[in-house]
Number of protein chains: 2
Amino acid sequence: MAIPRAAKTQRRTRIQEEKGEQILEAALEVFSQHGFRGTTIDQIAEVAGMSKPNLLYYFRTKEAMHRALIDRVLDTWLDPLRAFDAEGNPETEIRSYIRRKLEMARDFPRESRLFANEVLQGAPHIEDELKGPLKTLVDEKAEVIRAWTRAGKIAKCDPYHLIFSIWSTTQHYADFDVQVRAVLGQNLSGDGRFEDAARFLEQLFVDGLMPRHREPATEGDEAVSGR
Amino acid sequence: MAIPRAAKTQRRTRIQEEKGEQILEAALEVFSQHGFRGTTIDQIAEVAGMSKPNLLYYFRTKEAMHRALIDRVLDTWLDPLRAFDAEGNPETEIRSYIRRKLEMARDFPRESRLFANEVLQGAPHIEDELKGPLKTLVDEKAEVIRAWTRAGKIAKCDPYHLIFSIWSTTQHYADFDVQVRAVLGQNLSGDGRFEDAARFLEQLFVDGLMPRHREPATEGDEAVSGR
DNA sequence: GTTGTAATTTACCAATCGGTCAAATTATCA
DNA sequence: TGATAATTTGACCGATTGGTAAATTACAAC
């Protein structure tokens, strides 16, 4: 990944491997917090514990660091969607997709914010990835969902908006972490918070919010939706 | 709002009113696109069609412009939530809250991105507003929702996560506009797109995605959720 | 060891940043 | 009309920015 400009050999040394890693880790920290334009190489250098020219020995430009980060992260970021299985039970698939996305929001909030920053500011560096691999994957999974509705396995609904809504509800906990903490006092890492959020979202996507009306008898208290 | 530092009188002239307006409009355009740190005063000046020192005649610092923008926008931004009526019919209230938020995402995407940028980067300038007025309002409306669940009018669910999910799903169309356009080819302003999104979200929040099972007979095709 | 390359740092550069200042221009109103 | 205050601008400042040049140090192979 990191190819020092002064390197005369093509082989990558152990140090190149390690330092490249170290830099990207620091870059993720800073880029995800301040966005591309708000990040300075000096900030990354300080977090990485090396000098600015040393960073630029491994990555020629600030943009190269950003690029390398995006490339590395985008793939794993789309993994949960790839795991969406056409053969599986729709309800189970949706539930576990929600959980997987929520786990990523909890465990990799910086990666989520890196993308959020980028997309929010018009995706000047990743437009191709959005229109290419991402769109392709979404189209593919949208077709899976459409097949489910055709088979009557889930309610008739727009598959694209469904995917958008799962993305937005789950990533919200990473991207708007400050707001969540301001309102809730804690984020997804807080005690029991993850389960709270997961249960709510599963219920929302499976049953919606209106009390189920299996029987005409709608007796006062027992309004919990049966699952 | 804009109080020129050289002003000897306290009265605000017509010019001050107009230019202040003009500057904030330009500032919204640029801040919402690049975030606070990514925005330069020169950029705002160019969009506003005046010189940099002239901007600084009306707003002493870049931060003052940002501050004025936030203050002006935050209030109207929370209006839809304020309209949430405890006396109303829960289903109707939720449906119209979703629609109102979706309309704002369509009609005021820059305002949405202004906040998104700010919150995403740790809300360094609006932390007080989040922990103060915003939290207060959310707590109040959460109590309304809780009352509804107690009365069995809606399913038992966490009111805070419900509010988060409405925020995230609707604002997604403004904040991640580039991504939406990359996947869908159009955004909410596109022909019929608003209705598509609105209908999907209403269905999601009211009925969820599983086909309704009023009768034990789950006959193949007719899986559209009732109502 | 010696030698050649990889890795690191110090010092630096041109461009841009937020912001100031004094002077020039324009609006206001007695 | 003239005087006074409000508005606007060009020139400029110190600090910070992304990035470079060159010299120095660490290291691996012989």
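By convention in this document, chain letters (A, B, ...) are assigned in the order of the sequence lines, proteins followed by strands, and residues within each chain are numbered from 1.
- With hydrogens and angles ignored, the 3.5 Å screen pairs no side-chain donor or acceptor of Trp77(A) with any backbone N or O of Arg72(A).
- In this structure, Lys19(B) reaches the dT8(D) phosphate: one of its side-chain N or O atoms is under 4.0 Å from OP1 or OP2.
- For Lys52(B) and dG19(C), a side-chain-to-base donor-acceptor distance below 3.5 Å is present, hydrogens and geometry of angles not being considered.
- Taking 4.0 angstrom as the limit, Ser51(A) places a side-chain polar atom (N or O) nearer than this to OP1 or OP2 of dT9(C).
- Side-chain proximity of Asp42(B) to the nucleotides dC17(C), dG19(D), dT7(D) is greatest for dC17(C).
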With a 3.5 Å cut-off and sequence neighbours excluded, list the donor-acceptor pairs that the side chains of residues 44-53 of chain A form with protein atoms.
residue	atom	partner	partner atom	Å
Ser51(A)	OG	Asn54(A)	N	3.4

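- One finds no side-chain N or O of Tyr57(A) lying less than 4.0 angstrom from the OP1 or OP2 phosphate oxygen of dG19(D).
- Distances were taken from every side-chain heavy atom of Pro53(A) (C-beta onward) to each of dC21(C), dT9(C), dG18(D); the shortest belongs to dT9(C).
- Distance from the side chain of Asn54(B) is smallest to dT8(D) among dT20(C), dT8(D), dT8(C).
- Side-chain atoms of Arg95(A) do not come within 3.5 Å of backbone N or O of Phe205(A) as any donor-acceptor pair.
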Determine, step by step, whether Glu25(A) and Arg110(A) satisfy the salt bridge (Lys or Arg N to Asp or Glu O under 4.0 Å) criterion, reporting the C-alpha distance in whole Å, the side-chain angles of both residues, the deciding distance to 0.1 Å, and the verdict.
CA-CA 10 Å; Glu25(A) 157 65 27; Arg110(A) 297 179 306 174; 2.9 Å; yes
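- In this structure, the nucleotide among dG19(D), dT17(D), dC17(C) sitting nearest to the side chain of Ile41(A) is dG19(D).
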